[in-house]
Each structure stands twice: as structure tokens, then as C-alpha cells.
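Labels below follow one simple rule: chain letters A, B, ... track the order of the sequence lines, proteins then strands, and each chain is numbered from 1.
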Protein chains: 2
Amino acid sequence: MSGLREKQKADRRRRILEAARKLFAKAGPDATTIEAIADAAGVSGVTVHNYYGTKSGVLLALVAESDRELLEKMARELPGQSDDVIDLARRFAAIIRDHAITFLDKEIWRQVFAASIAEANSRFGKSYHSLDHQLALVLVREIEVLQARDAVSPDVSAYDLGKAIFSLQNMRFVNFISFDEMTDVESDAAFLRDLRSIFGALPPDRR
Amino acid sequence: MSGLREKQKADRRRRILEAARKLFAKAGPDATTIEAIADAAGVSGVTVHNYYGTKSGVLLALVAESDRELLEKMARELPGQSDDVIDLARRFAAIIRDHAITFLDKEIWRQVFAASIAEANSRFGKSYHSLDHQLALVLVREIEVLQARDAVSPDVSAYDLGKAIFSLQNMRFVNFISFDEMTDVESDAAFLRDLRSIFGALPPDRR
DNA sequence: GAAAAATTTTTTAGGCAATAAAAAATTTTT
DNA sequence: AAAAATTTTTTATTGCCTAAAAAATTTTTC
């Protein structure tokens, strides 16, 4: 049996990602060639393709790493801060926006998001979605807390509600990164309108 | 002054789109080269690029055309069918899903959606978004009808609510096209869970 | 209505992503 | 240590996309 081969593979993966991180940060993904990443990582260009499929695949893998940080930050900063679901949702969205914009600029996020949809079925598309799911679960847990405090109806599924709010937040995020001139304050205000209108939609006798 | 030049341009645009439609339908966008489209349209490959930017741009322009049909269909089939906002939202989503899946398969829709985000600031990315907006407005108008019938609270903005529901629907649509095995029945059920949880979220004393 | 000017398309050339297949190198097994 | 299996590299090709020069065509001017 072995071990060396696996270790070398893990090593190459790490080196490729490390090289890509540096080069993307310096010149952006568009100006960075696969060949340059390969050179810096000490492998051939074809090997980069073998490991990550496409250049977007490399980018997605990089974002997946940063998302793990985001997940920790979320689990640290979200709980116990909100008294109602609207405030909770806004904090959730703000943490994601802040983290995203600190990490990469909007143009690159557009590419990331596009890749996550186009490559939804690839290995890294899936890991991206899985992290989204885990983020949503942090929200779900907080909703359960609010339910225990009677700030959210006990009749709804916290899981369903968390996923739905995550969806709304996600579309707002797409909207935010789609327009270079949109500020986080504007995005927050728009999200607030979403939440207010949707939570206040049904008249009391219809619920 | 002129006219001939403009007419020839419009003509080339039309011919390129017509050629692309046929070739995409026959072999799919991946297997269709820009050069093949250009040949069929009687122009050079560079001209296709000059007119539509990228192959995704051509695809987006084609989808924008079909979306105009969808808009008509929506304006024809949505109004006056629903007594409550959840039913309205589900019908809205069903019409979009049906139209989409009749027109193109999921793999291609993933490319379209990815392109609409990646090229959000291009000419055709914008026209795509504009049609989304018009679709949402059909929904807004129906919400206003429901408000007049006291099925939706008079306190919320019909516009904001329409946009928010559209967002939710849009994420469900992305989810639907992201997984080849997901049926429209499953997607509808998931959307229903979104709507029920979100509309029922707040306890009566919190509204 | 012909020459000049302006605009648009085509040709030409090149960079790069992505894929496939053969060749070479390296690890694992016997 | 040789054979087998696996993985990377080399090599070659296709196609998207861009830029710049050349050619063609329309519009304007006289």
C-alpha cells in the first residue's frame, strides 16, 4: 500500500492554490494565466487543469477556503445579537457582504457567482453550495432561539424560514455585486424593504 | 444623413441571431462555433463578436427574445387566477419554469444565468435584467388587485413585495436548473415551503 | 456625379483556455 | 530488481476572444 502518492497530490493541490492566491491578488484572475499559476506551483499547466478543471474552478476552490473563515466569523458574530427576525436577517446579510468585499472586488465576485452556477455539478461547485448550506444553518439556529423567545411564530419551520431568508439575502447579494456603484448602505435598505414587505404581507385574518 | 447603414446593421443582427437559433437548437451552444454562426449568417466571425461580444452574449440575446414571449404569456395567464398571494406566487413561478424548460434544457439555462451575472453590465446583460423587471411588474399589478380585495395588507408596498417574491422565485429557479434530477413538482413544493414559512413567520403581536 | 471623408467589415495575427493522446517519469507491487 | 500501475509532462489541436491593419462600402462634400 501507499501514502506517498496521496501526500504528493495533497501537496500539489496546496501549492497550486497558494500560487493562485498570490497571483490573483496581484493581478486579478483575468490577467493571471493558468501557465503562470502552474509555473509558480512547480507543475505543468495540464496538471492544474487535471486538479481543478478550469480557471474558475481554481477561483471557486479559493473562495471555498475563504468561506470557511466566513462561516467561523458568522458563528462567532451572529448569535445572540438580535431581538427580531428582521434585525437578524440584516446582520446576517451585513456579515456576508462585509466579508465578501474585504476579500475580493465585485467584478471577481460576479465571476465566482457565475462559476458557481455554471459549474454547479462539479466538485468545487458542490463544495461551494455545501458552505452556503452551512451558513444558512447558522441562521436557522438563531431563528430557533427567536422562536423560543416568541419573536417568531412556533408554527413555522425554522429550517424552511432560514433557507428562505438565505435565498432573499443571496439575491440581494447578487444585486449588490452586479452594480459597481451600489453601496452596502443601499443594499441594506433594499433588503429591509424586502423583509418588511414580505413579513407584513398577510393581513391578520389571513394567517 | 443616412438609413442604409442602419438598415444593414439591423439586418446583420437579425441574420446572426437567426443562424444562432438554428444551430444552437440543432447541436447546443457548446458544439456550435462562432465561426459556424458567422458563416450561416454571411458575415465574418469578428463581426459576430463586434455585434454580440461573446458567444454567451449571442445566447443572452436569444433568451431575451424568448423572454418577450414569456412576458406576453405572463400578462395573459397570470391575472385574475389567484385568491391569495401564495397561490399567485406559485402560478407565477410555474409559468416561468414551464416556459423555460420548453425553450431550453437545464444545462443551457445554467450557462444563461451565469452569463447574465458575469455580463450584468453589458448591453445584453442589461436587457435581460430589464425583462426580469417587467416580469416582476406583472406580479406587482396582481398584488395590487389582491390588496384591493383585502387578501394582502394595505400597509405594504406592492412593488416591494412583488420584487421580494420575484427574488425568492428566482433563487428557486436557480435551484431548479442546478440539479438535473429536480422535477417541477419538487421545486413547487420547495417554493411553497419558502412562502409559508416566510409569510407565517411573525406572530400576530409582532406585526 | 466624382472625389474625399467617414464608417464598417474583413483579414491577419496572436494569446490563452481547454481537451486529448502519446510519451516520460515515478511510485507501487510482485 | 523487474514488472505493473499510476501520474505528470509533452505535444498537438480546437476555438474564444482581442487588436490592428487592410479592404470595402456608405455618406458627405464640392
Side-chain angles (χ1 to χ4, degrees), chain A residues 1-17 19-20 23-24 27-62 107-108 111-112 114-115 118-119 121-125, chain B residues 1-17 19-20 23-24 27-62 107-108 111-112 114-115 118-119 121-125:
Chain A
M1 71 204 64
S2 71
L4 175 55
R5 230 159 209 167
E6 289 308 309
K7 218 165 63 181
Q8 282 176 325
K9 278 199 207 177
D11 218 56
R12 280 190 208 101
R13 278 197 179 287
R14 200 186 44 68
R15 287 200 325 263
I16 291 169
L17 238 46
L23 292 169
F24 283 175
D30 283 338
T32 303
T33 66
I34 292 267
E35 206 59 44
I37 296 171
D39 280 358
V43 296
S44 78
V46 173
T47 295
V48 175
H49 276 109
N50 283 341
Y51 276 62
Y52 292 101
T54 65
K55 189 153 84 169
S56 295
V58 179
L59 186 56
L60 233 46
L62 228 41
E107 165 59 29
I108 297 181
Q111 290 182 40
V112 169
E119 302 186 29
N121 292 316
S122 79
R123 188 165 167 281
F124 284 93
Chain B
M1 71 209 65
S2 73
L4 175 54
R5 226 157 213 170
E6 289 308 310
K7 219 165 62 182
Q8 281 177 324
K9 277 200 209 175
D11 218 56
R12 279 190 208 101
R13 278 197 180 288
R14 201 186 43 69
R15 288 203 319 266
I16 291 169
L17 238 45
L23 292 168
F24 284 174
D30 284 339
T32 302
T33 66
I34 293 265
E35 209 57 44
I37 296 171
D39 281 358
V43 296
S44 77
V46 173
T47 295
V48 175
H49 277 108
N50 284 340
Y51 276 64
Y52 291 101
T54 65
K55 189 152 86 169
S56 294
V58 178
L59 186 56
L60 232 46
L62 227 41
E107 165 60 28
I108 297 181
Q111 290 182 40
V112 169
E119 302 187 28
N121 292 316
S122 78
R123 188 166 168 280
F124 284 92

Engineer: Can you check the Lys55(B) NZ to dT14(D) P distance for me, whole Å?
Structural biologist: 15 Å
Engineer: Please tell me which of Glu35(B) and Gln8(B) maps to the more 5' nucleotide of DNA chain D, matching each residue to the nucleotide holding its nearest heavy atom.
Structural biologist: Glu35(B)
Engineer: Looking at every non-hydrogen atom in both residues, tell me the closest pair between Ala31(A) and Ala27(A) and how far apart they are.
Structural biologist: CB-O, 3.5 Å
Engineer: Whole angstroms only, please: what is the CD-P distance between Glu6(B) and dT7(C)?
Structural biologist: 12 Å
Engineer: If you look at every heavy atom in Tyr52(A) and Arg13(A), which pair is closest and at what distance?
Structural biologist: OH-O, 3.3 Å
Engineer: Quick check: closest heavy atoms across Ala118(B) and Ala114(A), and the distance to 0.1 Å?
Structural biologist: CB-CB, 3.9 Å
Engineer: Measure the distance from NZ on Lys7(A) to P on dT28(C) and round it to the nearest whole Å.
Structural biologist: 10 Å
Engineer: Nearest-Å distance, CG (Asp11(B)) to P (dT8(C))?
Structural biologist: 16 Å
Engineer: Going by the side-chain contact (heavy atoms from CB on, under 4.5 Å) test, name the single residue among Val46(A), Val48(A), Asp39(A) that passes it with Ile34(A).
Structural biologist: Val48(A)
Engineer: From the options dG15(D), dC16(C), dT8(C), select the nucleotide whose nearest atom is closest to the side chain of Thr33(A).
Structural biologist: dC16(C)
Engineer: Using whole Å, what does the distance between atom P of nucleotide dT6(D) and atom CZ of Arg12(A) come to?
Structural biologist: 16 Å
Engineer: Can you identify which nucleotide, out of dC16(D), dA17(C), dT9(C), has its nearest atom closest to the Ile34(B) side chain?
Structural biologist: dC16(D)
Engineer: Mind calculating the distance between CZ (Arg13(A)) and P (dT7(D)) to the nearest angstrom?
Structural biologist: 12 Å
Engineer: Which nucleotide wins on minimum distance to the side chain of Lys9(A), given the candidates dA6(C), dT7(D), dT27(C)?
Structural biologist: dT7(D)
Engineer: Nearest-Å distance, CD (Gln111(B)) to C1' (dC16(D))?
Structural biologist: 13 Å
Engineer: Please state whether the base of dT26(C) and the side chain of Arg5(A) form at least one donor-acceptor pair under 3.5 Å?
Structural biologist: yes
Engineer: Counting heavy atoms from C-beta on, name the nucleotide in dA18(C), dC16(D), dT27(D) closest to the side chain of Leu4(B).
Structural biologist: dT27(D)
Engineer: I need the Glu107(A) CD to Asp30(A) CG distance, nearest 0.5 Å.
Structural biologist: 6.5 Å
Engineer: Which part of the nucleic acid, if any, lies within reach of Thr32(B) when heavy atoms closer than 4.0 Å are counted: base, sugar-phosphate only, or nothing?
Structural biologist: sugar-phosphate
Engineer: Could you give me the stems involving DNA chain C, meaning stretches of three or more consecutive Watson-Crick or G-U wobble pairs whose two defining distances are both below 3.5 Å?
Structural biologist: C:1-30 with D:1-30
Engineer: Please find the pair of heavy atoms, one from Leu23(A) and one from Thr32(A), that lie closest to each other, and give the distance.
Structural biologist: O-OG1, 3.4 Å
Engineer: Can you see which heavy atom on Ile37(A) is nearest to which on Ile16(A), and at what distance?
Structural biologist: CG2-O, 3.8 Å
Engineer: Tell me, which of residues 43-53 of chain B have any heavy atom that sits under 4.0 Å from an atom in DNA chain C?
Structural biologist: Val43(B), Ser44(B), Val46(B), Thr47(B), Asn50(B), Tyr51(B)
Engineer: Looking at CD of Glu6(B) and CD of Gln8(B), how far apart are the two atoms once the value is rounded to the nearest 0.5 Å?
Structural biologist: 10.0 Å
Engineer: Give the rounded distance in Å between these two atoms: CG of Leu23(A) and C1' of dA17(C).
Structural biologist: 16 Å
Engineer: Whether Asp11(B) and Lys7(B) form a salt bridge (side-chain N of Lys/Arg under 4.0 Å from carboxylate O of Asp/Glu) is what I want to check.
Structural biologist: no
Engineer: If you round to the nearest 0.5 Å, how far is OG1 of Thr54(A) from CD of Glu119(A)?
Structural biologist: 3.5 Å
